[in-house]
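Have a look at the structure below, then the notes.
For the single chain, residues carry numbers from 1 onward in sequence order.
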Amino acid sequence: MSRNRKILLLGVDGLIPELVERFCAEGVLPNIQRLRDEGGSTRLLPYISTWGDTNFVSFLTGQAPGTSWVGQRLPPRGTGHLLELMRAAGQRAALVHFPESLVPAGERDLCFAPFWSGSGPAPMELAPACLHSTDLDRWTSTPSSEALGWPPTGTLAHHQKHNRFAIERTDDGFVALIPAHRGKPVPVTLRLDGERLRLQLARAEASLGIGEWSDWLPLADEHALEGKPAAVRFKLLDLDVANGKIDLLQSQITAPEGSSGRPGLARRLVERHGPFISKWAVSADPDTRYFETSFEEGRYQLEWLVDSALTLLGDEGFSLFATVFRLNDETHHTCLAQCDPESKFYTASDHARYLEVIRHSYRILDAAVGRALAGCDDDTTLVLASDHGDVPNSHLCDIHRRLAEFDLCTIDGEGKPDVATSQAFLKDERGGLEIFVNRDLVPAAEIDRVQTRILKALTTWYVDTPDGERNVVALALKKQDASPLGYWGERMGDVLFAYAPGFVWGTNLRGDTVAELVTPGANHGPQVPTASTGFASNHGVAFFHGAGIRPGVELAFDTARGIQRMDSAGATFARLLGLSTDSLEGKVLEGMLEPARRNRG
């Protein structure tokens, strides 16, 4: 075994196996097709809940949620998971733009720009990505009557953004204000110069025509946000000289070095590859003005991630690089319901337009795979993998209102649970599919009775549809019966459940317990992991290529011959890195490995 064995994990939020196969057959994903032809591939069944935090933690730890899933923003400790095994062996891991529910185990590791799911902006974000305009009325929006996601108070399922700011006229031109999170807004002076727009930011200047991006402009001296070195760039979206109308995109401004744990190394990455952005300014939604810029900013981010991976693995002595790219998932949320023939929002006339948006995001990913393939050395295993897929939404479900109908939960006038007076409730950080019995109210002798009543609330939950009566919940189990689903231990809820395909966490203004959706969207987290249509599914997918991998292997994925779970990937990583798998629950993907790599660990 080479002592330099390395793994580059290019994780993708929500890559759908059926669409990978469709687009490969069209010939538009040549690099992913190369992964299939020259390496090993398999579908992966997600765990409940079918979202990134639960499943990427399982994926990279090599352990089931019962062992490694503590909760969102709560990394596992002392479970003997993959990153802990690497630390003990002196191997270093770099998690870059990865869910914050898992962080590296050692001081010599790197945690750079993790996803932020807490309240307010991420600490590394100095200013959000914005659209500045002299005419904000161009973005008239209708207030939504429903909120989807977990917790069910946001618009995650629709990926809506609220980041538009007015450009004001001045005596000699215009000014746009960069909305700093923790400090005064930063002024950007704008002046018309024929058919171009001149920008001035402190001592930096740029001249833009319509459709052009500026270079990265430094925020220095008195305009440095929080005194941290940072940079920003702009794209001129539209310019109407005659009427003095301007639409200007401003990138996100970040300073991720200080929170990385390795500021010197993080600074070298930024100096070598440019500023890092975790978000783009416009949703990848074809019904949103300037949505194409999401592809441009997404491509920039993905190329940054791949180039940094090659730097860390090739020049900085790391054995594992892991990241997660989210553009593909966003296009599913905004477009899948309109192009899946089994969706209530599908129309044949719109199918091609929405599918092309999804296809475009896959082509951006494919180009990055080619970039990674060109840069990997002979000791590196390249892994392209997703945590889940997506299927279209049909109904929203308010689980706390359902529990209230069975006198299990007390809700206030806004429909929110009062945990202190409720026998049963859900925890935000656990993913929305675990119901906890309130042990401050329920005596130990009564816990089983309350669990039984929760099961009754879930298993008798039905809704009438044009196609007949449908069950809202696909499965529900008491805690003591949930080990076949990979759940056990004191952290988990007293009842584990999953919604039927098409049902999603949510609330609406009417206060319905369950209701047919009025806006299109797609989801994954709340639904049973096996949810599928003829067009898409909730399944994840993984491609292994390079060092230690047999060429041209596709593992069977069916109940008769075996279903690979997310933790199989982490166990396979351990085998490739020459580590023991004794503390891991995942089954090594033996069929993908070269004979010399089998039966070790």
Side-chain angles (χ1 to χ4, degrees), residues 5-13 42 44-106 108-112 114-115 117 318-324 381 383 385-388 429-431 434 482-483 485-492 529 540 542 544 563-589 601:
R5 182 60 54 84
K6 294 164 288 189
I7 295 171
L8 194 168
L9 168 59
L10 180 54
V12 184
D13 187 10
T42 183
L44 297 171
L45 190 67
Y47 283 103
I48 296 168
S49 76
T50 311
W51 68 344
D53 284 72
T54 307
N55 285 287
F56 271 125
V57 167
S58 175
F59 191 98
L60 202 53
T61 60
Q63 296 172 333
T67 299
S68 63
W69 172 241
V70 182
Q72 197 167 27
R73 303 185 301 278
L74 300 170
R77 294 283 188 268
T79 65
H81 61 71
L82 174 66
L83 299 186
E84 292 178 331
L85 297 175
M86 290 181 63
R87 178 184 61 183
Q91 299 175 349
R92 291 194 287 156
L95 271 59
V96 177
H97 197 46
F98 199 84
E100 59 189 333
S101 301
L102 184 64
V103 296
R108 299 176 64 241
D109 297 329
L110 175 67
C111 180
F112 183 99
F115 293 166
S117 55
F318 284 82
S319 299
L320 171 69
F321 173 94
T323 190
V324 175
T381 306
V383 181
S386 66
D387 50 346
H388 55 71
E429 71 274 11
R430 286 293 292 184
E434 297 174 63
S483 58
L485 300 180
Y487 275 78
W488 48 77
E490 294 304 315
R491 298 188 186 100
M492 74 167 292
F544 287 67
I563 296 177
Q564 290 69 251
R565 302 300 301 254
M566 286 290 161
D567 49 9
S568 294
T572 306
F573 289 175
R575 180 67 60 78
L576 288 167
L577 293 172
L579 303 172
S580 170
T581 60
D582 292 348
S583 59
L584 308 182
E585 283 115 18
K587 179 182 178 182
V588 176
L589 302 174

- request: Answer yes or no: are there more than 12 heavy-atom neighbours, outside Arg73 itself, under 6.0 Å from its atom CZ?
  value: yes
- request: With sequence neighbours excluded, tell me which residues meet side chain to side chain donor-acceptor pair (under 3.5 Å) with Ser583.
  value: none
- request: Specify the closest pair of heavy atoms between Phe321 and Val96, including all atoms of both residues, with the distance to one decimal.
  value: CE1-CG2, 3.5 Å
Criterion side-chain contact (heavy atoms from CB on, under 4.5 Å) on Lys587 and Arg565, from CA distance to verdict: CA-CA 8 Å; Lys587 179 182 178 182; Arg565 302 300 301 254; over 6 Å; no
- request: Only counting residues at least two apart or in another chain, list the ones meeting side chain to side chain donor-acceptor pair (under 3.5 Å) with Thr323.
  value: none
Reported CZ-to-CG distance for the pair Arg575 and Leu584, which is rounded to 0.5 angstrom: 10.0 Å
- prompt: What do the steps show when you test Met86 against Leu579 for side-chain contact (heavy atoms from CB on, under 4.5 Å), and what is the final call?
  reply: CA-CA 8 Å; Met86 290 181 63; Leu579 303 172; 3.7 Å; yes
query: Can you check whether His81 reaches Val57 side chain to side chain, under 4.5 Å on heavy atoms?
result: no
field: Considering all heavy atoms, the nearest Asp387-Gly52 contact
entry: OD2-CA, 2.8 Å
task: Give the intermediate values and the outcome of side-chain contact (heavy atoms from CB on, under 4.5 Å) for residues Arg77 and Val103.
output: CA-CA 10 Å; Arg77 294 283 188 268; Val103 296; 3.7 Å; yes
query: Please, which pairs that meet side chain to side chain donor-acceptor pair (under 3.5 Å) have at least one residue in residues 82-93, sequence neighbours excluded?
result: none
query: Considering only heavy atoms from C-beta outward, does the side chain of Leu60 approach that of Leu9 to under 4.5 Å?
result: yes
- prompt: To the nearest 0.5 Å, what is the distance between CG (Leu102) and CZ (Phe59)?
  reply: 12.0 Å
message: If we count only N and O atoms by modelled type, under 3.5 Å, do the side chains of Glu585 and Thr67 hold a donor and an acceptor together?
response: yes
statement: Sorted by chain and number, sequence neighbours left out, salt bridge (Lys or Arg N to Asp or Glu O under 4.0 Å) with Asp109 holds for none
- request: With sequence neighbours left out, write down each residue that passes side chain to side chain contact (heavy atoms under 4.5 Å, CB included) with Pro114, or none if nothing qualifies.
  value: Glu100, Cys111
field: For Asp567 against Ala64, the heavy-atom pair lying closest together
entry: OD2-N, 3.4 Å
statement: ring pair (Phe, Tyr, Trp, His ring centres under 6.0 Å) filter on Phe112, not counting sequence neighbours, yields Phe276, Trp304
- prompt: Are the side chain of Ser58 and the backbone of Met566 linked by a donor-acceptor contact shorter than 3.5 Å?
  reply: no
query: Within a strict 4.5 Å, meaning less than it, do heavy atoms of the Pro529 and Ile48 side chains meet?
result: yes
- prompt: Can you name the residues that form a side chain to side chain contact (heavy atoms under 4.5 Å, CB included) with Ala482, not counting sequence neighbours?
  reply: Tyr487, Met492, Leu496
query: For Pro104 and Leu83, which heavy atoms make the closest approach, and how far apart are they?
result: CA-CD1, 3.9 Å
query: Quick one: does Gln63's side chain have a donor or acceptor within less than 3.5 Å of a partner on Thr79's backbone?
result: yes
message: If the condition is side chain to side chain contact (heavy atoms under 4.5 Å, CB included), which residues does Ser483 pass it with, not counting sequence neighbours?
response: Trp488
message: Please evaluate residues Ser101 and Gln72 with respect to the criterion side-chain hydrogen bond (donor to acceptor under 3.5 Å, both in side chains), reporting the C-alpha separation (whole Å), side-chain torsions for both, the decisive distance (0.1 Å), and the verdict.
response: CA-CA 5 Å; Ser101 301; Gln72 197 167 27; 5.5 Å; no
- prompt: Considering all heavy atoms of both residues, which atom of Leu85 and which atom of Ser580 are nearest to each other, and what is their separation?
  reply: CD1-O, 3.3 Å
task: With sequence neighbours left out, write down each residue that passes side chain to side chain donor-acceptor pair (under 3.5 Å) with Thr61, or none if nothing qualifies.
output: Ser68
field: Interatomic distance, Glu434 atom CD to Trp69 atom CH2 [nearest 0.5 angstrom]
entry: 9.0 Å
statement: side chain to side chain donor-acceptor pair (under 3.5 Å) filter on Asn55, not counting sequence neighbours, yields none
query: Is the Phe115 to Phe98 ring centre distance short of 6.0 Å?
result: no
query: Do the side chains of Thr381 and Lys6 get nearer than 4.5 Å, heavy atoms only?
result: no
- request: With rounding to the nearest 0.5 Å, note down the distance linking CD in Gln564 to OG1 in Thr42.
  value: 3.5 Å
- request: Return the set of residues passing side chain to side chain contact (heavy atoms under 4.5 Å, CB included) with Thr572 (not counting sequence neighbours), or none when no residue passes.
  value: Phe544, Leu576, Val588, Leu589, Leu593
message: Walk me through whether Ile7 and Val383 qualify under side-chain contact (heavy atoms from CB on, under 4.5 Å).
response: CA-CA 7 Å; Ile7 295 171; Val383 181; 4.2 Å; yes
message: Please find the pair of heavy atoms, one from Leu485 and one from Tyr47, that lie closest to each other, and give the distance.
response: O-CD2, 3.3 Å
